[in-house]
**Q** 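Take this structure, written in structure tokens, and hold onto it; I'll ask about it next.
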Number of protein chains: 2
Amino acid sequence: MATTSVRRRQPASLELLGEGVLDMGGLDDKLGFRLRFAERRIFREIGDSFQAYGVSPLLYSILTLLSVNPGCRQAELGAALGVHQPNLVEKIDTLVSRGLALRTPDPDDRRANTLRLTDAGVEFLAELDRIDDEVIGRIIERVGQEDYATLIELLRKLA
Amino acid sequence: MATTSVRRRQPASLELLGEGVLDMGGLDDKLGFRLRFAERRIFREIGDSFQAYGVSPLLYSILTLLSVNPGCRQAELGAALGVHQPNLVEKIDTLVSRGLALRTPDPDDRRANTLRLTDAGVEFLAELDRIDDEVIGRIIERVGQEDYATLIELLRKLA
DNA sequence: TATTGTTATACTCTATAACTATA
DNA sequence: TATAGTTATAGAGTATAACAATA
């Protein structure tokens, strides 16, 4: 056990190290730590690709669900994504103000809104899907098709 | 303690649904989505258990590294954890103000501080470790020892 | 010049209480 | 009473620029 600190210089780009600087004390074998690192890595890859379009991973997932569930309500969207309603309002506002989605009062229940993509939204999502496919393709290339599928299966089992 | 009827005025715990409400349009087969769900689930389990101690998963990881690397610098800690230095300052402040860690000027380099746990910090971490073991034990029980190990291995490969 | 720690700032995601207008 | 959406607010975690002291 190290009684004095290991003198390592280099601050260096955070994303490249993570480990190798200090004794990780078993931390790097823990599920929480590995999940955090993996999520950051993947979200950075996807997020960087989406950044030019002003879209976060969450916004992309909202667009995806709206495209498959036209006319759904905000409450349903929030439940499906695991996002609290108050946090969804601003996201929908963004999509509406950018002309990508419509928020229409539900005639059957005047408390509710129904959501759907505009034509511009459909087109926009198609472009994002193309980019997402590229990114995922690179990831699969890196870890292999089989491990990729196993990983998704295990993550599903976990949560 | 929850035997009395708990009045649920709120959206009925988002964490239990996630899917099953809408057509997920393949979103639930995507790595980013699954990582987000899994990380939230695990961090909630760990975070809930730590909440009574006023400790977040990140703070726990800091305590762990300090215990194994006494005398390390803030820059080293940040690099090992993938946390930018400005974001680390407040965390260290917290630990110091709670009497769990010491921030001592490095006599060899007067720009730097060296960090180490106090006796109270060591004791505190031991208690947190005990709780963490319990939580991880439950998770392993849920997914099985083999899948748990595979998952960590694949996450490491991914990031 | 470069690095350590720091301040300030901002953005994303998440969380809860409380309001409104309906139901 | 309960629900759908909203407002306001708060807390994590993460990101960059810039500064003082030191190397």
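Below, chains carry the letters A, B, ... as their sequence lines are ordered, and counting in each starts from 1. This one's a predicted model, so the numbers in the text were calculated from it and none came from an experiment.
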**Q** Between B:Leu59 (CG) and D:dA12 (P), how many Å, whole number?
**A**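 For the pair B:Leu59 CG and D:dA12 P, the rounded distance is 10 Å.
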**Q** What is the distance, rounded to the nearest whole Å, between atom CG of A:Asn113 and atom P of C:dT20?
**A** 18 Å
**Q** For A:Asp133, is the CG atom crowded, meaning more than 12 foreign heavy atoms sit under 6.0 Å from it?
**A** yes
**Q** Does D:dT6 have OP1 or OP2 sitting under 4.0 Å from an N or O in the side chain of A:Gln74?
**A**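 Result: yes.
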**Q** Which is it for A:Asp129 and A:Tyr60 under the side-chain contact (heavy atoms from CB on, under 4.5 Å) test, yes or no, and what are the steps along the way?
**A** CA-CA 9 Å; A:Asp129 279 336; A:Tyr60 174 58; 2.4 Å; yes
**Q** Just compare C:dA15, C:dG5, C:dC13 and give me whichever is closest to any side-chain atom of B:Arg36.
**A** C:dC13
**Q** Nearest heavy-atom pair of A:Pro105 and A:Asn113: which atoms, and what distance?
**A** CA-OD1, 3.9 Å
**Q** Counting just side-chain N and O atoms, does B:Arg110 come under 4.0 Å of either OP1 or OP2 of C:dT4?
**A**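 Answer is no, no contact under 4.0 Å.
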**Q** Using a heavy-atom cut-off of under 4.0 Å over every strand shown, decide if B:Leu58 touches base, sugar-phosphate, or nothing.
**A** sugar-phosphate
**Q** Using a cut-off of less than 4.0 Å, is there contact between a side-chain N or O of B:Arg73 and OP1 or OP2 of C:dG5?
**A**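 No, because none of the side-chain N or O atoms of B:Arg73 sits under 4.0 Å from OP1 or OP2 of C:dG5.
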**Q** Could you tell me which non-hydrogen atom of B:Pro70 sits nearest to which non-hydrogen atom of B:Arg116, and how far apart they are?
**A** CB-NH1, 4.1 Å
**Q** Would you please confirm or rule out a distance under 4.0 Å between OP1 or OP2 of C:dT14 and any side-chain N or O of B:Arg44?
**A**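 Negative; the distance criterion is not met.
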**Q** Evaluate salt bridge (charged side-chain N to carboxylate O under 4.0 Å, His left out) for B:Arg130 paired with B:Glu127, printing each intermediate quantity in order.
**A** CA-CA 5 Å; B:Arg130 205 183 54 73; B:Glu127 174 69 5; 3.1 Å; yes
**Q** Expressed in angstrom and rounded to an integer, what is the separation of A:Leu88 atom CG from C:dT14 atom C1'?
**A** 12 Å
**Q** Take atom CZ of A:Phe43 and atom P of D:dA15, then tell me their distance rounded to the nearest Å.
**A**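 In whole Å, D:dA15 P and A:Phe43 CZ are 13 Å from each other.
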**Q** Expressed in angstrom and rounded to an integer, what is the separation of A:Asp48 atom CG from D:dT14 atom P?
**A**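 Going from A:Asp48 (CG) to D:dT14 (P), I get 15 Å.
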**Q** To the nearest Å, how far apart are B:Asp108 CG and C:dT4 P?
**A** 14 Å
**Q** If I take atom CZ in residue B:Arg40 and atom C1' in nucleotide C:dT14, what distance separates them, rounded to the nearest angstrom?
**A**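 About 7 Å, once rounded to whole Å.
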**Q** Side-chain N or O of A:Lys91 versus OP1/OP2 of C:dT12: is the shortest distance under 4.0 Å?
**A** no
**Q** Base, sugar-phosphate, or nothing: which does A:Asp109 touch, judged by heavy atoms less than 4.0 Å apart?
**A**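 Sugar-phosphate contact only - A:Asp109 comes under 4.0 Å of backbone atoms but never of a base.
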**Q** Taking the nucleotide of DNA chain C with the closest heavy atom to each, which residue, B:Asn87 or A:Pro86, is nearer the 5' end?
**A** B:Asn87
**Q** At under 4.0 Å, does any side-chain N or O of A:Ser56 touch on OP1 or OP2 of C:dC13?
**A** yes
**Q** Return the value, rounded to whole Å, for the distance between atom CG of A:Leu77 and atom P of D:dT3.
**A** 19 Å
**Q** Considering only C:dA2, C:dA21, C:dG5, which nucleotide approaches the side chain of B:Arg111 most closely?
**A**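 So the nucleotide nearest the side chain must be C:dA2.
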**Q** Residues of residues 92-103 of chain A with any non-hydrogen atom less than 4.0 angstrom from an atom of DNA chain C: list those, numerically ordered, please.
**A**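 Nothing qualifies; none.
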**Q** Would you mind checking if B:Glu45 and B:Arg41 are paired as a salt bridge, meaning a charged N to carboxylate O distance below 4.0 Å?
**A** yes
**Q** Can you tell me if B:Glu123 has over 12 outside heavy atoms packed within less than 6.0 Å of its CD?
**A**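 No.
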**Q** Between the side chain of A:Asp132 and the main-chain N/O of A:Leu128, is any donor-acceptor distance below 3.5 Å?
**A**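 Side chain of A:Asp132 to backbone of A:Leu128, a donor-acceptor pair under 3.5 Å: no, none is there.
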**Q** Which of these nucleotides, D:dA15, C:dC13, D:dG5, is closest to any side-chain atom of A:Gln85?
**A**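 Given the options D:dA15, C:dC13, D:dG5, the side chain of A:Gln85 is closest to D:dG5.
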**Q** Reckon B:His84 has a side-chain N or O less than 4.0 Å from the OP1 or OP2 of D:dA15?
**A**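 Yes, B:His84 has a side-chain N/O under 4.0 Å of OP1/OP2 on D:dA15.
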